[in-house]
Novice: 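After the structure tokens below, expect a handful of questions from me.
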Amino acid sequence: MTDSAGTASRVADALRTQIISGELKPGTRLSEERVREAHGVSRSTLREAFQRLIRDRLLVHELSRGVFVRRLSREDVADLYEVRRIVECAAVRSIRSLTPAGLRRITASISDGVAAAEEERWDAVAAASIRFHEALVALAGSERLNAMMSGVLAEFRLSYVHMDDPQVFHAAYLARNREIAEALRSGDVEGAATLLAAYLTDSEVELLKGYSG
């Protein structure tokens, strides 16, 4: 990887993190000048970073208007949920052993979500939820699967802006995260996968109720 490509990757990762954290919300226009200044990069490097995120379906370029954080349609959200049901549930069912590091990562994501909820920091709760699902998939032990789901979940994070009531939504699913984790700790992998499938189906219905995308 060339220095330029490495720098573009670093900038893309930083912007991706801002999207997942909720700092950059769907519809936000990214000023080339401000982003270049913030990261100290050339115009060509920034445009390469933008192109990476456009390929990842996190940004869109609108002719004569610039680059924006992408807005998801209802169809996008439904498709992402279908992908998640297929891949996440299969990943959980494929778990052969639970490593202490993997379980610690799951526990940390739940603890982070609970702490953020107590402080009513709902963007942080959403980011912790994404980390929980990444940690679930990571238990399958596949780097390629991890990379794929990281992209899917980053794109899925864009849907949270359409929640009617983030507090009600996240409080319910924080509790269900704990149920899934407890099933795994007890060795009930199939039970965890069943809980996860129901979780994803229910959250899709709930999220799309008031979705205007």
Novice: For the atom pair CG (Asp79) and CG (Leu72), what is the distance rounded to the nearest 0.5 Å?
Specialist: 10.5 Å
Novice: I need the full list of salt bridge (Lys or Arg N to Asp or Glu O under 4.0 Å) pairs touching residues 151-160, with sequence neighbours left out, sorted by first then second residue.
Specialist: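 As it turns out, the salt bridge (Lys or Arg N to Asp or Glu O under 4.0 Å) pairs with a partner in residues 151-160, which skip direct neighbours, are Arg57-Glu155, Arg70-Glu155, Asp123-Arg157.
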Novice: How long is the span from the CG atom in Asn146 to the CE atom in Met148, to the nearest 0.5 Å?
Specialist: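 These two atoms lie 9.5 Å from each other.
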Novice: Quick one: do Glu134 and Arg131 make a salt bridge, cutoff under 4.0 Å?
Specialist: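 Looking at Glu134 and Arg131, the cut-off is not met.
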Novice: Check whether any side-chain heavy atom of Glu32 lies under 4.5 Å from a side-chain heavy atom of Arg43, and answer yes or no.
Specialist: yes
Novice: Please examine the side chains of Arg34 and Glu37, heavy atoms only from C-beta on, and report whether any two atoms are closer than 4.5 Å.
Specialist: no
Novice: Output the distance between atom CG (Leu196) and atom CG (Leu200), rounded to the nearest 0.5 Å.
Specialist: 4.5 Å
Novice: How many angstroms lie between atom CG of Leu46 and atom OG1 of Thr7, to the nearest 0.5 angstrom?
Specialist: 11.5 Å
Novice: Please name the pair of heavy atoms, one in Gly191 and one in Ala183, separated by the smallest distance, quoted to 0.1 Å.
Specialist: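 What the structure gives for the nearest pair is C-CB, 4.4 Å.
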Novice: Is the CD atom of Glu119 crowded by more than 12 outside heavy atoms at less than 6.0 Å?
Specialist: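 More than 12 heavy atoms, drawn from other residues, nucleotides or ligands, come within 6.0 Å of this atom.
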Novice: Under a 3.5 Å threshold, yes or no: a donor from one side chain and an acceptor from the other, between Ser73 and Asp76?
Specialist: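 Ser73 vs Asp76: donor-acceptor pair found between side chains.
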Novice: Checking side-chain polar atoms at under 3.5 Å, does Thr45 have a donor or acceptor matched by the opposite partner on Arg10?
Specialist: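 There is no such pair (donor and acceptor under 3.5 Å, judged by atom type) between the side chains of Thr45 and Arg10.
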Novice: Ignoring hydrogens and angles, write down the donor-acceptor pairs under 3.5 Å from the side chains of residues 89-96, residues two or more places apart or on other chains.
Specialist:
from	atom 1	to	atom 2	distance (Å)
Arg93	NE	Glu190	OE1	3.1
Arg93	NE	Glu190	OE2	3.1
Arg93	NH2	Glu190	OE2	3.1
Ser94	OG	Ala91	O	2.7
Arg96	NH1	Arg93	O	3.4
Arg96	NH1	Ser94	O	3.1

Novice: Quick check against the 3.5 Å criterion: does Ser129 have a side-chain atom that pairs as donor or acceptor with the backbone of Val125?
Specialist: no
Novice: Evaluate side-chain hydrogen bond (donor to acceptor under 3.5 Å, both in side chains) for Thr107 paired with Arg185, printing each intermediate quantity in order.
Specialist: CA-CA 10 Å; Thr107 299; Arg185 290 191 190 98; 2.7 Å; yes
Novice: If you draw a 6.0 Å radius around CZ in Arg36, do more than 12 non-hydrogen atoms from other residues or ligands fall strictly inside?
Specialist: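 Buried by this count: over 12 neighbours within 6.0 Å.
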Novice: Work out which heavy atom in Leu174 is nearest to a heavy atom in Val114; give both atom names and the distance.
Specialist: CD2-N, 4.1 Å
Novice: Just list the side-chain donor-acceptor pairs under 3.5 Å for residues 59-69, sequence neighbours left out, or say none.
Specialist:
from	atom 1	to	atom 2	distance (Å)
Glu62	OE1	Arg65	NH1	2.4

Novice: Does a side-chain heavy-atom distance below 4.5 Å link Leu207 with Ser159?
Specialist: yes
Novice: So how far is it from Glu88 CD to Tyr199 OH, rounded to the nearest 0.5 Å?
Specialist: 8.5 Å
Novice: So that I can tick it off, tell me whether Arg52 and Glu48 are bridged by a salt bridge, with the cut-off set at under 4.0 angstrom between side-chain N and carboxylate O.
Specialist: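 Salt bridge present between Glu48 and Arg52.
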Novice: Measure from the side-chain N and O atoms of Arg74 to the backbone N and O of Leu208, and report whether any donor-acceptor pair falls under 3.5 Å.
Specialist: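 The answer is yes, because a donor-acceptor pair under 3.5 Å joins these two groups.
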Novice: I'd like to know if Val137 and Leu98 are part of one continuous hydrophobic network [Ile/Leu/Val/Met/Phe/Trp/Tyr, side-chain heavy atoms within less than 4.5 Å].
Specialist: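 Yes.
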Novice: Verify, without hydrogens or angle tests, whether Asp56 (side chain) and Leu53 (backbone) share a donor-acceptor contact under 3.5 angstrom.
Specialist: no
Novice: Has Tyr173 got a side-chain atom pairing as donor or acceptor with Ser203's backbone, closer than 3.5 angstrom?
Specialist: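 Side chain of Tyr173 to backbone of Ser203: a pair is present.
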Novice: Could you label the plane-to-plane angle of the Tyr81 and Phe156 rings as parallel, tilted or perpendicular, counting under 30° as parallel and over 60° as perpendicular?
Specialist: perpendicular
Novice: Can you give me the closest heavy-atom contact between Ser21 and Ala127, atom names plus distance?
Specialist: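 The pair with the smallest heavy-atom distance is CA-CB, 4.3 Å.
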Novice: Calculate, to the nearest 0.5 Å, the distance between atoms CG and CD1 belonging to Asn177 and Ile106 respectively.
Specialist: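 So the CG of Asn177 and the CD1 of Ile106 are separated by 9.5 Å.
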Novice: With a 4.0 Å cut-off on N to O distance, would you call Glu179 and Arg176 a salt bridge?
Specialist: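 A salt bridge is absent here (no side-chain N lies under 4.0 Å from a carboxylate O).
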Novice: State plainly whether the residues Glu204 and Arg84 are in salt-bridge range, i.e. N to O under 4.0 Å.
Specialist: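 No, Glu204 and Arg84 are not salt-bridged.
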